Structures are given as structure tokens and as C-alpha cells.
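This is a predicted model, so every value here is computed, not measured. Order of the sequence lines fixes the chain letters, A, B, ..., with proteins taken first and strands second; residue numbering starts at 1 for each chain.
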Amino acid sequence: MDDTYTEEVLRLVEAVPPGAVTTYGDLAEMVGRGGPRQVGAVLARHGAAVPWWRVIRADGRPADGLGERALSRLAEEGVPVHDGRVRLASVRWRPAPESLPGRPV
DNA sequence: TCCGTGACTTTAT
DNA sequence: CATAAAGCCACGG
């Protein structure tokens with residue numbers, strides 16, 4: 001079976017440094033395959049093994065039900081949270097080239 | 001093969 | 001700026 005997708009997604013999530021965040025859609029683009037929903041599905045399944053709280057929705061708000069946990073962890077890491085939502089423009093993480101799957105430098 | 005579901009995104013009101 | 005509807009992607013029944 002092809003769990004390559006899952007591997008790539010988890011790998012990227014693990015690569016997100018403290019104090020930074022990324023979105024489902026961005027991860028989907030980085031992997032270059034599937035879509036935001038698919039990324040969410042992966043995290044729903046294997047999220048426990050990675051810093052899932054650094055992955056939030058495109059509107060700067062964590063997924064439903066994770067708000068409390070995610071926001072408190074993000075705040076701990078120094079992520080600027082404003083009224084329950086993260087300022088993506090300031091902390092949106094960009095992966096290092098070598099973290100990407102099949103993209104040459 | 002068709003339908004429903006889900007840690008989503010974008011566009012329109 | 002907040003809420004609602006439609007679109008999108010892979011998967012399982």
C-alpha cells in the first residue's frame with residue numbers, strides 16, 4: 001500500500017519548529033498531492049505522533065475541538081495568539097528545501 | 001458504481 | 001468582519 005503520503009505529511013509536521021505554525025492547505029501543497037482534507041485525515045489518524053498543534057486551519061484557527069489544547073500549547077511556544085486565532089502572516093512556517101519530498105534545490 | 005463522511009478552503013451574502 | 005453554501009480529495013460501505 002502507499003503510506004508514502006502519510007509519511008511525508010508527518011515528516012513535514014515534525015519539521016515545523018516551535019513558535020511557528022502551518023496550515024492544512026500548505027502542507028497539502030508541500031506534499032504536492034491530495035488536499036487539505038486528506039492532510040487532516042492523516043493527522044486524525046497519526047496526529048498523536050507529531051506536533052499536531054502547530055497545524056491549524058487557513059483562517060488561523062485550530063480545528064474543531066482542538067482549540068483549547070492547541071492554543072495553550074501554541075501560547076507556550078510563544079506563538080502570537082489573538083482572540084482565539086493565530087496571526088498566520090507572522091508565524092506561518094515555510095519548510096526548508098530539503099524537507100520537501102521530490103523537489104530539487 | 002454511487003453515496004456519505006471528514007483535524008479543509010474559497011467565494012458569496 | 002462573521003456566517004453560509006459550494007467545491008474539492010481520498011476512502012469506506
*Distance, P atom - from B/dA12 to C/dC8, rounded to whole angstrom*: 13 Å

*About how many Å separate CG of A/Leu71 and CZ of A/Arg61, when rounded to the nearest 0.5 Å?*
9.0 Å

_Spacing between A/Leu66 atom CG and B/dG6 atom C1', to the nearest angstrom_ = 13 Å

*Would you mind reading off the distance between A/Arg45 atom CZ and C/dA10 atom P, rounded to a whole angstrom?*
17 Å

*Identify whether A/Val31 and A/Val13 are in the same connected component of the hydrophobic contact network (ILVMFWY, side-chain heavy atoms under 4.5 Å).*
yes

*Given side chains that start at C-beta, do those of A/Val9 and A/Val50 come closer than 4.5 Å, heavy atoms only?*
no

*Nearest whole angstrom, please: distance from the C1' of C/dC9 to the CD of A/Gln38.*
6 Å

Below 3.5 Å between N/O atoms, which protein atoms pair up with nucleotides 9-13 of chain B? Just atom names and distances, please.
residue	atom	partner	partner atom	Å
B/dT9	OP1	A/Gly25	N	3.4
B/dT9	OP1	A/Ala58	N	3.2
B/dT9	OP2	A/Ala58	N	2.9

Give every pair of a protein N or O atom and an N or O atom of nucleotides 3-6 of chain C that lie under 3.5 Å apart, one pair per line with the distance.
none

_Pairs meeting criterion side chain to side chain donor-acceptor pair (under 3.5 Å) with involvement of residues 69-81 of chain A, two or more places apart_ = A/Trp53-A/Glu77, A/Arg54-A/Glu77

*Taking a hydrophobic cluster as the set of Ile, Leu, Val, Met, Phe, Trp and Tyr residues connected by side-chain heavy atoms closer than 4.5 Å, whether directly or through intermediates, do A/Val39 and A/Trp52 fall within one such cluster?*
no

*Please work out if A/Arg69 contacts a base, only the sugar-phosphate, or nothing of the nucleic acid, heavy-atom cut-off 4.0 Å.*
nothing

*Step by step, work out the salt bridge (Lys or Arg N to Asp or Glu O under 4.0 Å) result for A/Asp64 and A/Arg57.*
CA-CA 10 Å; A/Asp64 294 347; A/Arg57 302 196 310 206; 3.3 Å; yes

*Measure the shortest side-chain to side-chain distance between A/Leu43 and A/Tyr24 over non-hydrogen atoms and say whether it is less than 4.5 angstrom.*
yes

*Of A/Val16, A/Thr23, A/Thr22, which meets side chain to side chain contact (heavy atoms under 4.5 Å, CB included) against A/Val55?*
A/Thr22

_Atom-to-atom span, CD of A/Glu68 to P of B/dA7 - whole angstrom_ = 18 Å

